Structures are given as C-alpha cells and as structure tokens.
2 protein chains.
Amino acid sequence: MIWVRISRFTSHSNQLSNEFLNRFELTIAQFDVLMQVRIHQPLNQTELAEKVTVTQGGISRMLARLEKEGYIVRKQDWKTKSIRLTPKAEAILERAFPEQSAFQSSFFDEVLSEEEQKTLYALMTRVHKHSLRKELPPE
Amino acid sequence: MIWVRISRFTSHSNQLSNEFLNRFELTIAQFDVLMQVRIHQPLNQTELAEKVTVTQGGISRMLARLEKEGYIVRKQDWKTKSIRLTPKAEAILERAFPEQSAFQSSFFDEVLSEEEQKTLYALMTRVHKHSLRKELPPE
DNA sequence: CTATTTCACTTGATTAGTCAATTGATAGGG
DNA sequence: CCCTATCAATTGACTAATCAAGTGAAATAG
C-alpha cells in the first residue's frame, strides 16, 4: 500500500520533471547522469553506473547518446574511460540545475512543513538503506 | 534531496521485485497490470491505462505482450476492447499476490514501527495528491 | 445519406533500461 | 614469451515506456 503510493508518485513526478526539463532539451535520466558527472568528474563508467543505479550496459548506451549529442567526452585513459562534461553541458547545467532543484523541492515544500519534510526524509532514508541490505526470501 | 532518495529507493526496490517475481515468470510491470485487471475486470484499455499511470500506447503494447503469453484476452466489445484474465493468469496471481504483497510490505515493516509506517503513508499520500494537481512553472 | 468529428486503439521512431555473451587490454604465472 | 585470468566496456536480444501520427468505427451535423 505504501509501496504503490511511492511508486505512483515517483512515476508521476518523473513525468512532470521530464516535461519541465524539456525546456533545456534534457530528460530526467540525462540530467541525473550529467549531474553525477559534474559532481564527480573525471570518473569512469563503472563508478558512474553505481552512482545512478544503472547497469554497466545501461550506462554504456546512455553515454553513447550523450556523447553523440555533444554533452560529454570519453577518453580512453589507461584501461578505463574517463568521462568529462563538455563546455556545452556545463553551460546548460548552470542554468538547469537551480531550476530543476527548485522544481523538485516544490513537490514537498508546497505541502509539508519543514518538520514533516525532515521526518519524511529520515523515514525514507531508513527504508532505502534497509532495502540495500535486503536479500530475496527463499523460494 | 528527498526526491533523489525516493527515486533511488523506487528503482532499487523495483529491481528486487523483478528478481522476486521471476519465480512466477512475471515482471513487476506485468504483475501491476494483471492485478489491476483482476480487481476491475472487465474494463477497457483507457481505464486500465489510467489505473497504472501509463499512456494509451504503453498499455496497448503491454497488453499485446500479455495476450501473446496467454495471460489475458481482449474482446472487441462495441467500440472498446474489454479485458479479462485467463484462467492461467488467475491461477498464477492466486499464488503470486500474497507472496508479492508480503515481500513489498517487508521493505517497510522490517525497519519501521507501525506508527512510523502510518506517518510515512500519510506524508506520501499528501505529497502524491499534491503532485497530481501540480502545474509546470512558467518558462 | 454522405461528410466530419470524435473516441479507442495501434504503430513507428526513440529513449531507457535489463541480462548475458563478447571484445580488448593489462597483469601475472609458468 | 606466451597463456590465462581479470576487469572495463560494448553489444544483441529483449521489456517497457513516451510522443505523435495513423486507423477504424460510431455519432452527429448538414
């Protein structure tokens, strides 16, 4: 019951974020990846995949698209590929980041008090961390 | 910050649910659709699309797959198509539903008290309902 | 009674992801 | 010096979704 609520909310708010990011010609998945690169660059694909919770294969395809669009460059660096933003992506993120941040927070601060937001964050953190340790039940 | 937590949790728990439902040869998306059909059958595609928060096109493809696998039947019924479960799907859901329910709840009740779960549900409900009314900010 | 609108559904092109098999390069062991 | 294990990344086959254009049937207007 909680689970369904959370997942319907996530799917709906992803749709809204996609619509919103449209004005920067980005999708939410691309924005997410670019932000992680911005924070941690230079980094390799394996590290990035972990940060955005996607498989190696998934990140490989995503980066191929982002490279084709000129948002990132991949340089074979010893045995891994090191990823960096292009100036084009830096410029877009500089405008998009504060706006997308504000949009995301508005989902919560338009309807919950500061106190309630803290509670929600704390509860979700516990649930999330627990899920990372979780094993599948036996057959 | 809250938003990222929630969406990372959703993506991780979806992955676990997919792994879990593997034993019934279902994905989480298929399970979700089949459950909505089970609860509301017979219904048409537009109604179903709304219930699972997917577009018309999305539900059309999903049902095509489910029909090919023999889980549902679509009967042209006047101008709409009415959807029903096959006995095969009924049988699978009878086993899968309680197990998947328990698995989903375990994400929360292994780590939160009854009281905390109520709080989380109430907060998420408010946030979700608010998001449904939400408009995009002006450009 | 045809002509247009409307509604339900489908489909082509694209994004985003999974898994599993494969490629490519480096590091060591024999 | 070659052979193999290992690690990073890619790729083929697939599921799942979106948007926008297209189809087909029924409803309504002229």
Side-chain angles (χ1 to χ4, degrees), chain A residues 7-8 10-34 36-37 42-69 71-83 136, chain B residues 7-8 10-22 24-34 36-37 42-69 71-83:
Chain A
S7 85
R8 299 273 188 261
T10 304
S11 119
H12 183 66
S13 73
N14 267 324
Q15 272 164 48
L16 290 176
S17 286
N18 270 321
E19 251 176 272
F20 177 70
L21 285 174
N22 222 12
R23 59 187 67 165
F24 302 105
E25 297 194 280
L26 288 175
T27 65
I28 187 74
Q30 293 168 344
F31 178 82
D32 194 10
V33 168
L34 292 177
Q36 292 303 320
V37 177
L43 77 176
N44 66 34
Q45 298 193 186
T46 306
E47 289 162 347
L48 183 53
E50 255 167 61
K51 301 216 186 293
V52 294
T53 351
V54 145
T55 57
Q56 287 262 5
I59 211 70
S60 176
R61 285 172 215 280
M62 170 60 88
L63 291 175
R65 281 188 296 268
L66 289 173
E67 193 163 46
K68 200 181 66 189
E69 306 282 330
Y71 290 120
I72 58 136
V73 284
R74 287 185 283 185
K75 205 173 65 230
Q76 191 63 246
D77 171 17
W78 197 51
K79 144 180 189 180
T80 77
K81 290 200 174 174
S82 90
I83 304 158
L136 284 195
Chain B
S7 85
R8 299 273 188 261
T10 304
S11 120
H12 184 66
S13 75
N14 268 324
Q15 270 165 48
L16 289 175
S17 286
N18 270 321
E19 251 177 90
F20 177 71
L21 284 172
N22 223 11
F24 301 106
E25 297 194 279
L26 289 174
T27 65
I28 188 73
Q30 292 168 345
F31 178 83
D32 193 10
V33 168
L34 291 177
Q36 293 301 321
V37 176
L43 77 175
N44 66 35
Q45 297 193 186
T46 305
E47 290 163 345
L48 183 54
E50 255 167 61
K51 301 214 186 293
V52 293
T53 351
V54 146
T55 58
Q56 287 264 4
I59 210 71
S60 178
R61 286 171 215 276
M62 171 57 88
L63 291 174
R65 281 189 295 269
L66 289 173
E67 193 163 46
K68 201 182 66 190
E69 305 281 330
Y71 289 120
I72 57 136
V73 285
R74 285 186 284 184
K75 207 172 63 224
Q76 189 64 244
D77 172 16
W78 198 51
K79 149 179 186 179
T80 76
K81 292 199 170 173
S82 91
I83 305 157

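Reckoned from all heavy atoms, side chains included, excluding hydrogens, waters and symmetry mates. Please read all numbers here as calculations on a predicted model, not as lab measurements. Protein chains get the first letters and strands the later ones, always in sequence-line order, with residue 1 at the start of each.
Separating the CG atom of A:L26 from the P atom of D:dT18 is a distance of 20 Å, rounded to the nearest angstrom. Counting to the nearest Å, the P atom of D:dA17 and the NE2 atom of A:H12 are 17 Å from each other. Per the geometry, CG belonging to B:N18 stands 19 Å off P belonging to C:dA16, to the nearest Å. For the pair B:L21 CG and C:dT18 P, the computed distance is 17 Å after rounding to whole Å. Atom-to-atom, CE of A:M62 to C1' of C:dT14 comes out at 13 Å; the value is rounded to the nearest Å. Between A:I59 atom CD1 and C:dT18 atom C1' there is a gap of 13 Å when expressed in whole angstrom units. Atom CD1 in B:I83 sits about 13 Å away from atom P in C:dA8, given to the nearest Å. Taking atom CG of A:L63 as the reference point, atom P of C:dG17 lies 11 Å away to the nearest angstrom.
Contact detail for A:T46 and A:Q56: the closest heavy-atom pair is OG1-NE2, 2.9 Å. Taking both residues in full, the closest heavy atoms of A:L34 and A:L26 are given as CD1-CD2, 3.9 Å, listed atom of the first, atom of the second, then distance. Residues A:Q45 and A:I59 approach most closely at O-CG2, 3.8 Å, considering heavy atoms.
Comparing B:E19 and A:I28 against DNA chain C, the residue whose closest nucleotide sits nearer the 5' end is A:I28.
Taken to the nearest 0.5 Å, the OH atom of A:Y71 stands 11.5 Å off from the CE atom of A:M62. A distance of 7.0 Å separates CG in B:L43 from NZ in B:K51, rounded to the nearest 0.5 Å.
For residues 42-51 of chain B, proximity to DNA chain C is found at B:N44, B:Q45, B:T46, defined as any non-hydrogen atom under 4.0 angstrom from a strand atom.
Taking every side-chain heavy atom of A:K81 into account, D:dT10 is the closest of D:dT10, D:dT15, C:dT10. Minimum atom distance to the side chain of B:Q56 is reached by C:dT10, of the listed C:dA16, C:dT18, C:dT10.
Side-chain nitrogen and oxygen atoms of A:Q30 include at least one within less than 4.0 Å of the OP1 or OP2 phosphate oxygen of C:dA16. Neither OP1 nor OP2 of C:dG17 sits under 4.0 Å from any side-chain N or O of A:R61. Side-chain nitrogen and oxygen atoms of A:T27 include none within less than 4.0 Å of the OP1 or OP2 phosphate oxygen of C:dT15. Distances shown here put every side-chain N or O of B:Q76 at or beyond 4.0 Å from the OP1 or OP2 atom of C:dC9. Distances shorter than 4.0 Å separate some side-chain N or O of B:Q15 from OP1 or OP2 on C:dT18.
Within 6.0 Å of CD on B:E25 lie no more than 12 heavy atoms contributed by other residues, nucleotides or ligands.
Among the protein residues, B:T80 comes within range of the sugar-phosphate backbone only, with heavy atoms under 4.0 Å from sugar or phosphate atoms but none that close to a base.
A salt bridge (Lys or Arg N to Asp or Glu O under 4.0 Å) check over residues 54-68 of chain A, counting only residues at least two apart or in different chains, returns the pairs A:E67-A:R74.
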